[in-house]
Amino acid sequence: MAVHLTPEERMRRGRKVRLHLIVALLTLLVLIAVNALFTSRYPWWLWVLTAWLPLIAGHTAWAMGLFDRARKEP
């Protein structure tokens, strides 16, 4: 169960996830271009994509508050 986050915290976490996704996409675009120029027979950039996807999924889950412990109201 997700913890209720303040709107400010939700926006801050969302910005961090978007930045992570943009960096990943730009890096992959560069790697795809390098792969196409030098070794186009073997798409080795897929290994980078495969490694990066769980990181982005985990970061997204964190941004949603899925890893936060439920805070008990006093």
Side-chain angles (χ1 to χ4, degrees):
M1 175 184 256
V3 175
H4 296 288
L5 301 171
T6 63
E8 294 83 18
E9 180 68 12
R10 187 176 305 273
M11 292 293 290
R12 186 180 66 79
R13 288 183 178 195
R15 279 192 298 270
K16 286 185 177 186
V17 171
R18 279 191 297 276
L19 178 63
H20 188 178
L21 189 59
I22 289 168
V23 168
L25 289 174
L26 291 175
T27 303
L28 283 169
L29 284 173
V30 169
L31 292 177
I32 290 168
V34 168
N35 184 208
L37 289 173
F38 295 108
T39 57
S40 61
R41 289 188 180 194
Y42 181 69
W44 50 262
W45 59 269
L46 287 172
W47 291 106
V48 177
L49 175 65
T50 303
W52 217 321
L53 282 178
L55 298 174
I56 292 175
H59 199 172
T60 302
W62 167 79
M64 294 171 60
L66 297 179
F67 297 137
D68 296 340
R69 295 178 185 249
R71 296 183 188 116
K72 293 183 180 179
E73 301 280 332

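Values in this document were obtained by computation on a predicted structure and should not be read as measured data.
Shortest non-hydrogen contact noted between Trp62 and Arg13 is O-NH1, 2.7 Å. Taking each heavy atom of Trp44 and Thr39 in turn, the nearest pair found is NE1-OG1, 2.8 Å. Smallest separation of non-hydrogen atoms from Asn35 and Tyr42: ND2-O, 3.0 Å.
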List the atom pairs, with distances to 0.1 Å, where a side-chain N or O of residues 19-27 and a protein N or O form a donor-acceptor pair under 3.5 Å, not counting sequence neighbours.
{"from": "His20", "atom 1": "ND1", "to": "His59", "atom 2": "ND1", "distance (Å)": "2.7"}
{"from": "His20", "atom 1": "NE2", "to": "Trp52", "atom 2": "NE1", "distance (Å)": "2.9"}
{"from": "Thr27", "atom 1": "OG1", "to": "Val23", "atom 2": "O", "distance (Å)": "2.7"}

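Hydrophobic clustering (ILVMFWY, side-chain heavy atoms < 4.5 Å, transitive): Phe38 and Leu49 are in one cluster. Following chains of ILVMFWY side-chain contacts shorter than 4.5 Å, one can reach Leu55 starting from Trp45, so the two form part of one hydrophobic cluster. Taken together through direct or relayed side-chain contacts under 4.5 Å among Ile, Leu, Val, Met, Phe, Trp and Tyr, Leu28 and Val34 form part of one hydrophobic cluster. Cluster membership for Leu53 and Leu29, using ILVMFWY side-chain heavy atoms within less than 4.5 angstrom, is not shared. Under the 4.5 Å side-chain heavy-atom criterion for grouping Ile, Leu, Val, Met, Phe, Trp and Tyr, Val48 is connected to Ile56 within one hydrophobic cluster.
Taking OG1 of Thr60 as the start and NZ of Lys16 as the end, the distance is 14.0 Å to the nearest 0.5 Å. Once rounded to the nearest 0.5 Å, the distance linking CG of Leu37 with CD1 of Ile32 reads 12.0 Å.
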